[in-house]
Amino acid sequence: MSLLRVEQLNKSFGGVHAVQDLSFEVDPGTIHSVIGPNGAGKTTLFNLVTGVYTPSSGNIFLDDQPTAGRPAHVLARLGMSRTFQNLQICMNMTALENVMVGRHLHLDRRFLPAMLRLPGIVRGDRDCRDKAAELMNFVGTGRYLDSDAASMPYGALKRLEIARALAAEPRLLLLDEPAAGLNANETAEIDVLIQKVAQTGVTVVLVEHDMKLVMNISDHILVLDYGKKLAEGTAEAVRHNPDVIAAYLGAA
Amino acid sequence: MRGKHVRAWLAASAVAMASSGAIAADTIKIGSFLSVTGPASFLGDPELKTLQMYIDQINAEGGVLGKQLALVHYDVGVDADNARTSTKRLLEDDQVDVIVGGSTTGTTMAAVPLVERAGVPFISLAGAVVIIEPVKKWVFKTPHTDRMAAQKIFEDMKARDITKVALISGTGGFGKSGRAQSTAVAGDYGIEIVADETYGPKDTDMTPQLTKIKNTDGVQAVLNFGFGQGPAIVTKNYKQLGMTAPLYQSHGVASKKYIELAGDAANGVRLPGSALLVADKLADDDPQKPVVIGYQTMYEKATGTDVSTFGGHAYDGLMIAVEAMKTAGSTDKEAVRAAIENTQGFVGTGGVVNMSAEDHLGLDLTAFRMLEIQDGDWVLVD
Amino acid sequence: MGWMRAPRTGGLMLLALIVAAIPWFLPNNFYFEMAILVGINAIVAVGLNLLIGYAGQISLGHAGFFGLGGYCSGILVATYGWPPALALLLGAVGVAALAFIIARPILRLKGHYLAMATLGLGIIISIVVSTEDWLTGGPDGMYVPPFTLFGWELYGEAVWYWVIGGLLLLAVWLALNIIDSPVGRALRALHGSEVAAQAAGVDTTRAKVRVFVVSAVFAAVMGSLHAHYAGFVTPTSSGFFHSIELVTMVVLGGMASTFGAVVGAAILTVLPQLLSGFEDYEMVVFGLILMLTMIFMPQGLVPTLARVCKRRDQRASPIPGVDEVDP
Amino acid sequence: MAEFLQYLFSGITVGATYALVGLGFAMIYNASHVINFAQGEFLMIGGMMTVSMLGAGVPMPLAIVAAIVLATVVGLALEKFAVEPARNAEVVTVIIITIGASIFLRGLAQVVWGKEYHALPPFSGDTPISIGGATILPQSLWVLGVTVVVVAALAWFFNRTLMGKAILATSHNRDAAQLVGINTGLVLLISFGLSAALGAIAGIMIAPITLTSYDVGIMLGLKGFVAAVLGGLGSGVGAIVGGLILGITEAMAAGYISSEYKDAVPFVLILLILFFLPNGLFGVRGTERV
């Protein structure tokens, strides 16, 4: 059974069809990549799946539960977590606090106990702080534990977003161009990190431009062009698909 | 670090307070809070200038009871909270002997509970009747009440056989109170209010309200209760709409500024005003003539601007307080209060004042003169 | 990790010390009055700071809630003879309900549109209280009886000082608690990045509505107490300028700094009294101080000073931020 | 009918003023995303400076030019010394700076020019013109005429001149504008100057009708802000339409509903509009990119 299923998804902005008639499935425990030339609709697809946009038509299922059009915070509750193409780090907080925000759903969110700082809140926060620190070490940003997010380098912020997404203990993790803007070294490190994440049993959906990275780690690849599915399959299959080659050469 | 600063600041102010207390021994402190800025600055500004001017003059002439007068003044805008804080400062920190101030009813009423509790004589310069009705032990006032203004106006209307009147008033405290008083006393003069419109204190165009009045059947005259620039705009709009029924204004416009702002449109407008506005036109045997001429000359020479009745209220307040201290022979608060309450035959700019335990104003309708504006000047109607 | 909580308690202790120490330096009731007004404004600013500083949602209409609290007390106690405590409670609940109802449509708006909507709300409230004079006494306001609780009258500056001082400590404590909890982190996160907060599972609409209601209740309760303390309530207290004043306290003291809100309130309350000697130049000096502070310390006083201290501390001691007051 | 026409005249005259102020807000907002709460003070400076120059015996046209120049200089100084240094601060910080500036300017005006109200003589007499049973003052026609001219001139400026286009480009994307070589600092400066001049013109035009004083800018500034938001911030057309709607609503409310609640009506209107159109009437509905 698939973890995520997308059926005949459509989204248009004014007259522009950003996503057209798209269907695919993501199996649990895999790394599933979405690639395509610029403007192919990858980020739009991400935003549709994660509830930032509402589809014009079509269905999205998480565990056979329809999720299309449901707000992002509800999807998060269902076990979906994501990072962003343009960094969405809260620069008004420390690095650690950013990760702690990721654990929001696992904490006591009631207002009154928080306002009175009941012992449960203090305990929960202490555990949360430890878990967040652990995660920061896991993604390799341990040395920024007490830093303000605003003072961190770009590469570290990219990982920090992954740590924050992982803090929610998601079943499905969507990464929107995690390697964008990184140098070869950093990209290689991200490569390792994503595989490490996948090994923990989290299903990963990845949008990425860096072909080397994608081909290296993906179990399954979906190729988009002009909002439509162009090809789908294993890295090997996609690499030799004539349509894909044409689209990429044409785009280049 | 911060704590040290606070302490230093507080200590410094405590020292400053103590030293000002030392000076207090041979001066009489006149406290005042006025609306020197903000929408009522046309009241507070001449009031403050008058107080400063006359306190300087009194001091130059040797002061009162052998002591010099010192003015302690705070500007409160039209903010009642500010007035209360400033009053507390006058009472507690400056320890004034008497308070002459309160340009508006709102600021005055904010101070009333404090002076009542502290037991310091307080002469208000504001209009509304609620200040002295019911009588409050320590509170007096010098300006004619809005009820008196309404009565004077209706008296004049009655004489002209006007029975149906349209009312337009500002939504500020002055206009609201004036509107309430007008509505209350109109019946006594057989006058019916057939239209009732309002405008905001900062409005720039009242033609819609006046159009409504114009289209109301049987309006024989229009009465505008308001102060500031509003009445001038009403007057201009009145002319623009070609309205011909007699227009009455309240005593809230009693300064040359109104005529200047309204221009030609002000011709024929009637209002109740004090003798001060027509000082040079008073009969020679008028008891008020020397007082108002004296005040007018002094004010216009010192400030270079035209007198208004508002500054005159401050003159009256200050002089009543000074007279009372002389009568009491001390600055003892209760003695001064009693002396103020017993003021008899005091001739001020506003009229002849005869106070009593039941009347903390001491003016009657004769204090008002019915004026008409003709060719840019006030003219006595009666 | 222990030191992370130290600035919290440290700051609260320092504030408690200051509150306890100040009466020794107040020569007379006027100074007590200033201290009480500082306290009242500070509590409102602390609440407003939760909304503006932490959650990043501007409101130019909070004086409306302050005024409603005051009028609720005035009308129910003076006109209908209710016990003041009950009136205060009803005012708080009523304002909470009003804030809750309008929060959803209003907080959908962003930036200047939100500013406009809240401003409009505040102005509508102040026009209504100024116009319905049969109920509110009109532009000159209405008399409000003293505050009594179980037959005991809250009377005298010293008593009021301790009550307001205690409430200030309580308010600061509550605010610090909220900030230092999952709820508060969610608020700050939605300020930093709304989509990120949503992706992390924060129901941002709900979070905004809640903090809006809480800050409105802070304002309503203090509006009610202020009316009892002053003995009257006027439309000015609910007007646009009071709203601006409250926002200025938050920004001047330092956004997202609870102690900053207290400092901002203190400065803006005391400054006009200090400037009263300047007579005609009062406005010029006040405007200039406001401008210059914000130009040279755009973060606000407390965060800027805290950073300066921190930098100095770092030079002196290896542990950063120990003496930092700011949460 | 004559009644309706009268309300309309009143509304359009007042609305045109709001529109001009709103336009000033829009211009500065476009270039800098700053809401300039000192916008109303430019009107005050325009009106008061003209009055004081006239009082000093300067002929009217010269007095008007001097007033516009003064306001422009103040606008430029405001940008250079107050807004520019705080460019990277949060939105509300900049709002507080402009509020501080408006208090400062008002205080200064009060010291220099006094606290009294002044009337400027109307430009071409005050004999009302009668149209369809309703009357309108010649000065109102001046206000409307000048509004039309200003709007036309601005349209030309933004669409035909290099500087105008540069301002538009900066408003869309400052970084991109900088990349293509636009001096965005200069653009900011010019938009403040222009907006100040605009304010001064409005202030001078309306002074004969509404009278002028040191604190006349508070209310007009506020109403202009409402107009700008009503139309959709940053939209010139929006500010004009917003201003007219505001003015006409006020007049109609005073005439047909209640003069006591006429000031509340525009705010109820704007709340309703914002609830249904969160970006105002003509505001751009952008999709957030994440």
Side-chain angles (χ1 to χ4, degrees), chain B residues 1-3 6-11 13-18 21 36-37 48 73-95 104-110 112-114 117-118 126 128 130 170-177 179-180 198 200-201, chain C residues 14-15 17-18 21-22 24-37 127 130-131 133-134 137-143 146 157 226-227 229-237 239 241-242 259 263 266 269-270 272-280 282-283 301-302 305 309 323 325:
Chain B
M1 187 62 190
R2 195 184 324 139
V6 171
R7 250 166 287 151
W9 177 73
L10 286 168
S13 35
V15 170
M17 216 250 351
V36 179
T37 55
L48 179 59
H73 168 261
Y74 300 113
D75 172 27
V76 298
V78 288
D79 184 359
D81 284 311
N82 205 341
R84 192 179 49 87
T85 306
S86 297
T87 307
K88 201 166 264 182
R89 192 168 177 182
L90 290 172
L91 295 172
E92 299 275 350
D93 201 29
D94 303 312
Q95 310 213 320
T104 65
T105 304
T107 52
T108 295
M109 292 309 281
V112 165
L114 297 179
R117 193 178 286 167
V130 292
T171 53
F174 181 83
K176 275 239 167 191
S177 172
R179 173 188 172 201
T198 62
Chain C
L14 181 64
L15 186 66
L17 259 161
I18 293 174
I22 277 180
W24 302 100
F25 301 98
L26 300 180
N28 60 44
N29 280 346
F30 165 66
Y31 289 88
F32 269 97
E33 158 127 358
M34 290 318 297
I36 292 163
L37 292 180
I127 291 178
S130 168
T131 305
D133 45 8
W134 57 277
D140 287 337
M142 72 184 296
Y143 162 75
E157 267 72 9
H226 178 259
Y229 171 66
F232 61 83
V233 55
T234 66
T236 320
S237 65
F241 295 107
H242 191 210
F259 294 105
V263 172
T269 312
V270 174
Q273 293 297 330
L274 293 181
L275 293 182
S276 70
F278 286 91
E279 293 287 343
D280 279 353
E282 191 182 324
M283 274 169 83
L301 286 167
V302 169
L305 295 179
C309 292
D323 292 321
V325 198

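The chains referred to below are lettered A, B, ... by the order of the sequence lines, with proteins before strands, and numbering in each begins at 1. What's counted below: heavy atoms across the whole structure, side chains too, no hydrogens, waters or symmetry copies. Given the structure is predicted, the values throughout are model-derived calculations rather than measurements.
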Chain B interface, residue from [options] that has the most non-hydrogen pairs under 4.5 Å:
options	value
C:D280, C:L17, C:N29, C:T236	C:N29
C:M34, C:E282, C:H226, C:M283	C:H226
C:T131, C:D140, C:I127	C:D140

Item to check | Partner set under ring pair (Phe, Tyr, Trp, His ring centres under 6.0 Å) for C:F30, not counting sequence neighbours | outcome: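 So C:F30 forms no ring pair (Phe, Tyr, Trp, His ring centres under 6.0 Å) with any residue.
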Checklist entry - So which of B:D75, B:T171, B:D81, B:T105 has the largest heavy-atom pair count under 4.5 angstrom toward chain C? => result B:D81
Checklist entry - Which residues pass the salt bridge (charged side-chain N to carboxylate O under 4.0 Å, His left out) test with C:D133, sequence neighbours left out? => result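 Here the qualifying residues are B:K176.
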Next on the checklist: Which atoms of C:L37 are under 4.5 Å from chain B, going by heavy atoms: the side chain, the backbone, both sets, or neither?
Outcome noted: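 Only the side chain of C:L37 comes within 4.5 Å of chain B.
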Next on the checklist: Ignoring hydrogens, what is the shortest heavy-atom contact between C:P139 and C:P235? Give both atom names and the distance.
Outcome noted: O-CD, 3.3 Å
Next on the checklist: Please classify the contact between B:L114 and chain C as side chain, backbone, both or neither, with a heavy-atom cut-off of under 4.5 Å.
Outcome noted: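 Neither part, no heavy atoms under 4.5 Å.
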Item to check | Which atoms of B:T85 approach chain C - backbone, side chain, both or neither, heavy atom under 4.5 Å | outcome: both
Item to check | B:R84 and C:E33 ion-paired at < 4.0 Å | outcome: yes
Item to check | Audit row: B:K88, C:Y31, side chain to side chain contact (heavy atoms under 4.5 Å, CB included) steps and yes/no | outcome: CA-CA 9 Å; B:K88 201 166 264 182; C:Y31 289 88; over 6 Å; no
Next on the checklist: Could you check whether B:R89 and C:S276, counting side-chain N and O atoms only, form a donor-acceptor pair closer than 3.5 Å?
Outcome noted: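 A pair is found: one side chain offers a donor N or O, the other an acceptor, under 3.5 Å apart.
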